[in-house]
Amino acid sequence: MSRCRVAKGGNISVKALAFALVTLTAAAVLMPAANAQRREVPKSRQMVQYSFAPVVRKTAPAVVNVYVSSRVRNFVNPFQGDPFFEHFFGESFGLPQERVQRSLGSGVIVGPEGVIVTNAHVVKARGETEIRVALTDKREFDAKILLRDEKNDIAVLKIDAKGQRFDYLEFEDSDSLEVGDLVLAIGNPFGVGQTVTSGIISALARSGIGKGNASVFIQTDAAINPGNSGGALVDVAGKLVGINTLIYSRSGGSVGIGFAIPSNLVRLYVDSALSGRRVAQPWIGARLENVNRELAEGLGLNRASGALVARIDSDGPAAKAGLQAGDVITRVDGFEVDDARTALYRLTTRGIGNTAELSVMRRGRVAMVKIPLSEPPQPGPDDVRNLSGNHPFDGARVMNLLPGVADELGVDEAEGVAVLSVRPRSYAARLRLRPRDVIVSVQERRITSIRVLEQVLAEKPRTWVLGIKRGGRLLTLQVPG
C-alpha cells in the first residue's frame with residue numbers, strides 16, 4: 001500500500017488520511033451553525049471572527065447624545081463691513097437680534113451618578129445655554145458643566161438625575177495599548193443615531209495636532225465622523241481607552257484617520273472635576289522644544305527625536321534636580337519621548353505631587369534625572385491688572401509672565417506682560433488685541449512687568465509705538481496718541 005509522509009516524519013495510510021479529511025470537512029460544515037449560537041467576548045487575537053455584540057451590549061448604554069442649545073444675540077448693522085463706520089462705532093453697533101444656536105455631539109458616562117465626559121467643542125456656546133443628554137433608552141436629562149478645557153478639548157458634565165444610577169464605562173490604562181489592538185468607536189455620526197464602528201489602534205502618542213501643549217492622541221482607523229466627537233473608543237474588554245475628538249479629512253467624512261484623547265488624560269480631568277481642583281500642567285522650570293534634524297546633527301544624535309531643554313529657570317525644580325540647558329529628554333518614566341508635547345503629556349499624566357524620572361542625552365552620554373512635579377507659583381494681586389485710561393491698552397486684562405504662566409498660556413516669551421482678555425468695544429478691542437498676545441515694548445522701552453508698563457502708559461505721546469509678540473512674530477504698531 002502506498003504511503004504518504006507527514007510533517008513529523010511518521011507514516012499514515014491513504015485510507016486513513018481520506019477518512020480524516022471527510023471527518024474534518026463534515027466538522028467544518030457544522031462549525032458555523034454551532035458558533036453562530038456563541039456570543040462571547042473574544043479572549044485572544046485569534047478569535048476575532050467571533051461577534052463583538054457582547055462588547056456593544058455592555059458599552060452602548062453608557063454612550064449618550066449631547067444636545068446644546070444657546071441663545072445668541074447678534075447686532076444687525078446696515079453698515080457692517082464698512083471700515084470707517086466700524087472704526088468709530090464698533091462691530092456690535094446696530095439692532096439686537098436673538099437666535100437659537102444648536103449643536104450635537106456624543107458623550108460617555110464614566111460614573112454611576114451620571115458623570116459624563118465629552119469634548120469641550122461639543123458644549124461650546126455663547127449666552128444662555130441649555131444642555132440635554134439623551135440615553136439609548138430614549139430617556140433625556142438636563143446636564144451642567146463641571147469642567148471645560150478648550151486647550152485639551154475635554155469637558156466634564158453632570159446629569160441632573162435626582163439620585164438615579166446609570167450604566168457607565170470603566171477607564172482602561174491607555175499606556176497599556178499597543179499598535180494593532182482592536183477597538184470600537186461608538187457615537188452619533190451626522191445625527192443618524194448611535195453607531196458602532198470597528199478598527200485597530202493605528203498609532204500612539206500622536207502630537208502636533210491639538211491646541212494644548214501637552215496634547216497627544218491615539219490614532220485609529222475605526223470610522224469617526226462629525227457627531228462622533230465626545231464618543232467612546234473602547235477595547236474588546238469593554239473599557240474606555242479614549243474619547244473620540246477629531247478626524248483628518250479633506251471631504252468632512254472619515255478616511256480612516258481618526259484621533260482620540262487617551263483615557264489617562266481624560267481620567268485626570270474627571271478626578272479634578274469631582275474634587276473641585278483645577279487641572280494644572282506641572283511646572284518644572286524649563287522650556288522644552290522639539291528636536292529637528294538640524295538640532296539632532298548639531299547635538300550628535302542619531303535621530304531627530306526627543307525634547308530639547310532650551311531654557312532653565314535658575315530657581316525652578318529642573319535646575320535643582322540637575323537638569324541642564326542642552327539636555328535632550330528621551331524617556332519619561334520609561335516611556336519613549338518623541339517631542340516636547342509627548343514629554344509634557346507624560347509629566348501631566350504623572351501628576352502634580354509625584355516625581356518623574358527622566359532619561360536624558362547629555363554630551364553623548366545617558367543621564368538619569370529625578371524631578372519633582374509641582375504646581376506653578378500662583379500670581380499675587382499685583383500680577384494681574386485691568387488696564388484703563390487714555391492709552392491703547394484700555395480694556396485689556398493683563399498678567400505678568402511669572403514662571404509657569406508662559407507655559408500655561410502657550411506663549412514662548414520669557415519676559416513681558418501677557419494679555420488675558422479684552423473687553424468688547426474698548427480701545428484695546430478696536431486695536432484688535434487678542435488673548436495670549438505679549439506686550440514686549442512701548443515707545444521702544446522694554447516691558448518686563450505691569451509696573452513698568454503702567455509707568456510708560458502714564459506718558460502722553462503724540463504717537464504710541466507698540467511691540468506685540470503674537471504666535472512667535474513681533475508686530476510693531478504705531479497708534480495716534
Side-chain angles (χ1 to χ4, degrees), residues 52-53 55-72 100-126 128-150 153-162 164-171 183-198 220 222-234 238-247 252-254 258-261 263 266 269-270 273:
F52 286 114
V55 183
V56 177
R57 281 197 300 269
K58 178 182 177 181
T59 57
V63 182
V64 302
N65 297 337
V66 180
Y67 300 92
V68 181
S69 300
S70 56
R71 297 185 180 277
V72 181
V100 178
Q101 189 177 47
R102 292 184 174 88
S103 61
L104 168 67
S106 304
V108 184
I109 304 176
V110 293
E113 67 281 4
V115 177
I116 294 175
V117 177
T118 185
N119 288 139
H121 73 261
V122 170
V123 293
K124 182 179 182 180
R126 297 180 297 168
E128 185 180 346
T129 303
E130 178 184 291
I131 300 175
R132 295 282 290 175
V133 172
L135 278 61
T136 54
D137 60 8
K138 308 302 181 184
R139 287 183 296 163
E140 293 191 7
F141 299 90
D142 291 326
K144 62 180 180 180
I145 299 175
L146 299 182
L147 181 151
R148 185 172 177 274
D149 187 318
E150 283 195 13
D153 202 13
I154 299 175
V156 181
L157 313 179
K158 176 69 167 61
I159 294 176
D160 183 10
K162 298 178 177 60
Q164 295 188 52
R165 310 291 281 181
F166 299 90
D167 293 319
Y168 67 98
L169 297 187
E170 296 179 357
F171 287 105
V183 288
L184 303 178
I186 309 176
N188 185 8
F190 299 107
V192 299
Q194 190 177 82
T195 302
V196 182
T197 55
S198 67
T220 178
I224 298 174
N225 287 290
N228 272 111
S229 293
L233 190 70
V234 301
K239 291 189 175 182
L240 185 69
V241 299
I243 295 294
N244 301 321
T245 185
L246 53 88
I247 60 174
S254 174
F259 301 96
I261 303 170
S263 58
V266 176
Y269 275 85
V270 172

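Everything quoted here is computed from the prediction, not taken from an experiment.
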Donor-acceptor pair, [X] side chain versus [Y] backbone, under 3.5 Å?
X    : Y    : answer
D153 : N119 : no
Q194 : V63  : yes
S106 : G230 : no
T195 : G193 : yes
D160 : A143 : no
N244 : A232 : yes

Which heavy atom in [X] sits nearest to a heavy atom in [Y], and how many Å separate them?
X    : Y    : result
G231 : V108 : C-CG2, 3.7 Å
E113 : K158 : O-NZ, 3.2 Å
I109 : P61  : CD1-O, 4.5 Å
L169 : K58  : CD2-O, 4.5 Å
L147 : A273 : CB-CB, 3.9 Å
D149 : A120 : O-CB, 3.5 Å

By the definition side chain to side chain contact (heavy atoms under 4.5 Å, CB included), identify the one residue from L157, I243, T245 that meets it with T118. L157
Test side chain to side chain contact (heavy atoms under 4.5 Å, CB included) applied to V241 and V234, L233, V266, the passing residue: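 With V241 as partner, side chain to side chain contact (heavy atoms under 4.5 Å, CB included) holds for just one option, L233.
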Step by step, would you call V56 with L184 a side-chain contact (heavy atoms from CB on, under 4.5 Å)? CA-CA 9 Å; V56 177; L184 303 178; 4.1 Å; yes
Report the distance from atom [atom1] of [X] to atom [atom2] of [Y], rounding to the nearest 0.5 Å.
X    : Y    : atom1 : atom2 : answer
N188 : N228 : CG    : CG    : 8.0 Å
H121 : I154 : NE2   : CD1   : 12.0 Å
I224 : I186 : CD1   : CD1   : 11.5 Å
N65  : E140 : CG    : CD    : 9.0 Å
D142 : R132 : CG    : CZ    : 4.5 Å
T129 : I131 : OG1   : CD1   : 7.0 Å

Atom CZ of F171: over 12 foreign heavy atoms under 6.0 Å: yes
Evaluate the side-chain contact (heavy atoms from CB on, under 4.5 Å) criterion for residues Y269 and V117: first the C-alpha distance (whole Å), next the side-chain angles of each, then the deciding distance (0.1 Å), finally the verdict. CA-CA 9 Å; Y269 275 85; V117 177; over 6 Å; no
Test side-chain contact (heavy atoms from CB on, under 4.5 Å) on L135 and F141; report intermediate values, then the result. CA-CA 9 Å; L135 278 61; F141 299 90; 3.9 Å; yes
